[in-house]
Amino acid sequence: MGERKGLGFLSRIKDAISEAVYGIALHGQVASIKRMKMYTEYLFMLMTIGDMMGIPIVPPYYTLRLLPYMVPNIKGWKLRMLRERDVTDIISG
Amino acid sequence: MTGVVFDTPAPYILLGLIVYAIAYLYYSKYVDRNIWQADPTRPTPAKLYFDGVEYFPVSRYVLYGYQFKSVAALGPIVGPMIAVHFYGWLPALLWLIIGNFFIGWVQDYSTMMMSVRREGRSMGPIVYELLGGRARTILLTYLVFYLIIIGAVFAWVIVSVINGVPGSFIPVVVILITGYIFGHLVFRMRVDVVRATLVALILVFAGIILVTAVKDLRVPSTNFLDPGVTGTQPASWTVLFWLLVLSVIYYLAAITPMIRWLLPTVYVGYLPAIIALVIVVIAAVATFITGVKIHETRAAYVGGASLEYFDPIKYPTTGPIWPMLFVTIACGAISGWHSLISTGLSSRQLEYETDARPVGGGAMITEGIVGLSSVAAIMVVARGAAQPGALDYPRGAATLVNALIPLGPDTWLYFYSVFVIIMGLITSMLFVRVFRMVAAELFPAPFNHYLVSPLIWIAIVVFLAWLGSWTNLWLYFGGTNQLLAGLALMVVAVFLASQRRPTWYVFWPGAFMIVTTLAAILWETYVYTAHLMQGQILSVQRPVAVKFGESLVHFTNALSAIFGVVLFILGLAMAYYLFTGYFRYRSQAEKAS
Amino acid sequence: MSRIGFKYVFERMPELRIVIFAGKGGVGKTTSSAALSYKLASMGRRVLCFSTDPQASLSDIFERNLFGKGEIEVAPNLYVLEIDADKRIAEYVESIRRKIKEMYKIDEIPREVEDYIESAVAEPAMYESAVYDAMVDVVAEGKYDYYVFDMPPFGHGIRMVAMADILSKWVDKIFEARKEALELDAAAARLKGEKLLEYEDQMLKELEYIRGRIVSFSRLITDAKRTAFTMVLVPERMAILDTEKAIEMFEELGLKMRGVVVNQVYPPQLLEDPRAPDYLKKRVLAQRPYVREIYEKFRDLIVAVIPMLNREPKGLEAVRIVAEELWESSLDLGALEALTGR
Amino acid sequence: MPIVRGGQRFIFVGGKGGVGKTVVASAIALDFAMRGEKVLLASFNPVHSLSTVFQQNLSGGVIKPVEGVKNLYAVEVEVEDIVKSYKEKISKIIREFLRWAEIPIDPKGFIDIATTNPAFQEAATFDKMMDIVLKEGQEYDRVVFDTAAVANAIRLIGLSKIYGLWLQRVIKSRQEALNLRYQLSWRKDKVLEEIKKDPLLLDLLSLHERYVKVRENLSNPSTTTFIFVTIPTILAISVVKRFSDMVKAYDIPSGGVVVNMVIPRSEAERDETGFLKSKWEEQERNLALIRELFGDNILGYIPLYPEDVVGIKALETLIRDLEEFKP
């Protein structure tokens, strides 16, 4: 945001319009794709560190090898996966 | 330009624009500051629950565009088309202007704000928390009805345009295929989005130009399966044929991977749609210059307040101006569907609380402008026979636009026909998908299976669109949609009451919408019941009745009457929960202070 | 024509690299493994004899403590590995902990991650997984001309093989999911018009590595040209039943049993020998019906017959005797048929 | 004198594969039954052989009376049903997570793999064993377990604490997950109900509860004893030694060692081929080792019979020999 200040009114308008056009044309789809990715990740996580939610699925030997890369995602993953959803959550997009 | 500009749509549209400007610049600002006390420093759910998928801050311009795209479909086009026909353009225009001012944006903005203050929760959970599980179930049931009825109406509109404008289906097929190509280009072949878009645009416009230029491509002809039928009013076999074509498209949309076809098609479809919308708004204002006049057969006011309109047999497809006008025009003035959009994704991605006003309020007011342009488009074409035709809008829009950009009326007719068809198609394709989700939640096995539930939707939609009366269905749609709006407003009122904030600005609009829509649903039920009791059929159903016997039509009408009763009871129940909830919270708030 | 022995197996299967011995407990799997390894090594090839049996007796057979000592050369070119799975697991887990600490420059592993690691260590199938991975490991290294695996008794032995199947399906699936997730990420980025970074997903790389190992190992042991699954059995009712069930389970896994080794068959001469007591003759006769059953049920599968020895097969000398029998059995199929009394 | 002295209800029979565990377990069970006690003989072998030993159909995974012997009941344990129900539970949970999932890949393959965890088989066997100890077994004076190879047996009866540890951790993870789910829910009442009825957690908790009880039972010298079977070969002896040490280390009462397949001296001496003779000489050295290692713990010797031990008659002979036969 800070960088834009100097650019003047016109270019701000231009940015705003292009952002709005992106919003109309693509934002919803990007959201859908992200959601799909989230579900794909569910599968991945369930199949690897499902034990972490008390769902033992496969022997964790090889999972351990992947564990270091998962460390930063674990919290967000749990939050997303365990949040109760409603149909009205998924209407948009 | 003859100096007398009041015979063009321009001054009336301008009036609307001015009122909308006031709504946005003053009224919405007042509400935002004084009632919600939006605070840009208060962390929004996007920041609090950041997860990079659903919760993350997005610029207000992007969200505005997204919100607008999500709320604007065929609604602001079809509603005015019917309303102008039955009540004249002035009541339609006034309701669009005043409705949006006091109710429309209020709902979109307030539900969004409520969701922001409720951890980004969507309507279902909020209703559950405020009013209990039964209220939520009613809400979801409403959703089911809504999805079915709107599907039927859109199916009918699509079919009548395809049928009335021969060859218009060809560019639509081109768009559907282009959608697939675009998806393939971007997701499989990794072409960048700008280039892929160019390819898509070229293909889409090539389709439209092709069918305009090569007259031989304008097949199949109107009512090609019903020889002997004249005029553009669609006849039974042809309608059924096109409905089955749509069924295939819908089913594919429901079960194929979204990313491969549905999403890219939505994108590709919106490309001409955005252009169409922008042009028609400009053309409507530009009638100052172009001089396109309000058609001589269009009166400012036709009727609707007279006692005549209280005769359901004589005016079966309309009714008294109150409550019927207020459900005829939903989107553009006020639409309950938006409350679901506002609380679905937008509220989780607002960067600042203060963005809710441009995103929620701004998008709705923009949709109001689309509604105004539709009124303008209908104003300038001749009023047909007893029934409004689905072709009125493309014809009117073509008339308006061709005066500004004279590419030939045919070109614009095809352009706007394709626009109407594709908007209807895209939204229906998304709706069948939503229905699938709702079914997964509400229906028992095996109807909740993802391969089965879309079939249920398609079957009912085809049945209703084929045998029902579309204007009546539209009124049911308006009924459900507006009732949803009333409920949403009331939910906000309940929420504000629970927060001990002023509620008048949502309570009264909400109460008005609830009472009006319940009355409208009751009226529709009465229309069907009256026909049944007197052994009558609605005029639009006559061709079907002649071919397949009246009993089938009576059956359909009985079904519609039952629909009405169910909707009414559900609405009443919901209203009960809301009002008691509201007063409970109010009295609690009073006790506490 | 009727001569049998592993010599002929190797002649027919020039690409054969891995021989796996499975079977019920106490039928002589470990002995057979040791013997075949010994024979191959004595021919100048580098051989690894690997016991995956937690009751491993290679130490007993070679009369030397080999448990958990790594690959030990017990005779020229003959290497023996008896892994200490618990130790292996401990080391493995420690390396994971280290990696996490290094990657994120932290001194302490986050609690939920540490909990997970500890629970993983205690998982009931962890032991088998570790043994399995050790197998994968030695084969992947490829230091030897031949690998001879001594499998744990029945259930676990089959499961070890089934594991190859499950694990490679598993790794395929999660690989697919991960890839799809990255695809979707890239798709979203492309729609946003963001510069498309050539994805360097470390996890995908790691997965590719794991997959490469598991899949190539699984391919190797299911390749009938390069791997010979061999059941060892003795002429007893239970051993025959076990073998039948094992063959059935193998087929369910889409695998083919290469052959069976019949162990502890009394030499037929004993019957004619007037010096043998009735007691011994009775035992020989008691074995006959089972020999017949084996002959009838598994005739085409029999690759070697080892006669009943007059001493316990331990120590290199005894191993050598068994090795010769395994390589070229003194009892050929004809002799076996004669034994069945037909 | 019964083969197994002491009043323990649960008798586990283990040893290296091929040493005749099933036959010895059958003999012990028959011995008690003939002395008027109500006995259950439970086979946990992957391929059952009780039917062969008793020459009657005892298969099917249910307890059946052994015909021809009063008071003797037998079961060849099957775990397929438990494994199946466990798989269904896991599959249901995964599907629940993916209820609204719009994913480009088919989850079915995942669910298939997810439900082939080799640990399920083991857990199910463990489950059955606990049921027998805590439920069915309570109706019998004696329960004789014919276990699979000793390594499994050790794990099966939970001697290694590791299984309990794992259970505790999984339970903890499940509880934490459910707790988080509750926090993130809006239908608190409904979710609370669901959490209370979470099939996975209930299973795990009951498993753990039973596990603790079984452990108590098994480490109590007055209720449980562990019988080892060996044959006079170094390989078999070292296995028994290793496991009896392990059992001691875990404070599990050891009931003694049965030495099977002993070549009678008289027969060896009669053999002029030298075949038996050299075997016997080796055996003598090994028997000396057994005496040295287990001394008073040796419950008896069983001669190597010329024929298979099949049928109740043969078992009766074996029981007699166990008391009388001396190498």
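Numbers restart at 1 for each chain; the letters A, B, ... are given by sequence-line order, proteins then strands.
For chain D, the nearby part of C:Val121 is the backbone; its heavy atoms alone come within less than 4.5 Å. Heavy atoms of D:Leu304 lying under 4.5 Å from chain C belong to its backbone as well as its side chain. Interface residue C:Ala177: backbone and side-chain heavy atoms are both found under 4.5 Å from chain D. When heavy atoms are compared at a cutoff of 4.5 Å, D:Glu267 approaches chain C by way of both its backbone and its side chain. Interface remark: C:Glu183 contributes no atoms to any contact with chain D (heavy atom separation under 4.5 Å). Only the side chain of C:Tyr290 comes within less than 4.5 Å of a heavy atom of chain D; its backbone N, CA, C and O stay farther away.
Remark: C:Asn65 CG is packed, more than 12 non-hydrogen atoms of other residues, nucleotides or ligands lying under 6.0 Å away. In D:Lys277, the NZ atom is not crowded: 12 or fewer heavy atoms of neighbouring residues, nucleotides or ligands sit closer than 6.0 Å. Around atom NZ of C:Lys297, more than 12 heavy atoms belonging to other residues, nucleotides or ligands sit under 6.0 Å away.
Ranked by heavy-atom pairs under 4.5 Å with chain D, the first of C:Lys281, C:Lys169, C:Lys282, C:Met126 is C:Lys282. Among D:Arg270, D:Gln283, D:Glu281, the residue making the largest number of heavy-atom pairs under 4.5 Å with chain C is D:Arg270. When each of D:Ile263, D:Ile234, D:Val310 is checked for heavy-atom pairs under 4.5 Å with chain C, D:Ile234 comes out on top. Your options are C:Arg283, C:Met238, C:Gln287, and the one with the most heavy-atom pairs under 4.5 Å with chain D is C:Arg283. In terms of non-hydrogen atom pairs under 4.5 Å with chain C, the most contact-rich of D:Thr52, D:Asp308, D:Thr273 is D:Thr273. Comparing D:Asn286, D:Val19, D:Leu276 by heavy-atom pairs within less than 4.5 Å of chain C, the highest count is held by D:Leu276.
D:Arg169 has a carboxylate O that lies under 4.0 Å from a charged side-chain N of C:Asp115, or vice versa, which qualifies the two as a salt bridge. Comment: D:Lys172 does not engage C:Glu112 in a salt bridge, judged by the lack of any side-chain N to carboxylate O separation of less than 4.0 angstrom.
At a heavy-atom cut-off of under 4.5 Å, chain D is reached by C:Met308, C:Leu309, C:Asn310, C:Arg311, C:Glu312, C:Lys314 from residues 307-314 of chain C, listed in order of number.
A search for ring-ring contact (aromatic ring centres under 6.0 Å, His included) contacts involving D:Phe54 returns nothing, not counting sequence neighbours. Residues satisfying the ring-ring contact (aromatic ring centres under 6.0 Å, His included) test with C:Tyr92, not counting sequence neighbours, are A:Tyr61. Applying the ring-ring contact (aromatic ring centres under 6.0 Å, His included) criterion to C:Tyr132, with sequence neighbours excluded, gives C:Phe217.
Shortest non-hydrogen contact noted between C:Ala286 and D:Pro306 is CB-O, 3.0 Å. Taking all atoms of both residues into account, the shortest heavy-atom contact from D:Trp166 to C:Ser119 is CD1-O, 3.1 Å. Shortest non-hydrogen contact noted between C:Tyr279 and D:Tyr305 is OH-N, 4.3 Å.
Residues D:Val239 and C:Asp60 are not in side-chain contact: their nearest non-hydrogen atoms beyond the backbone lie 4.5 Å or more apart.
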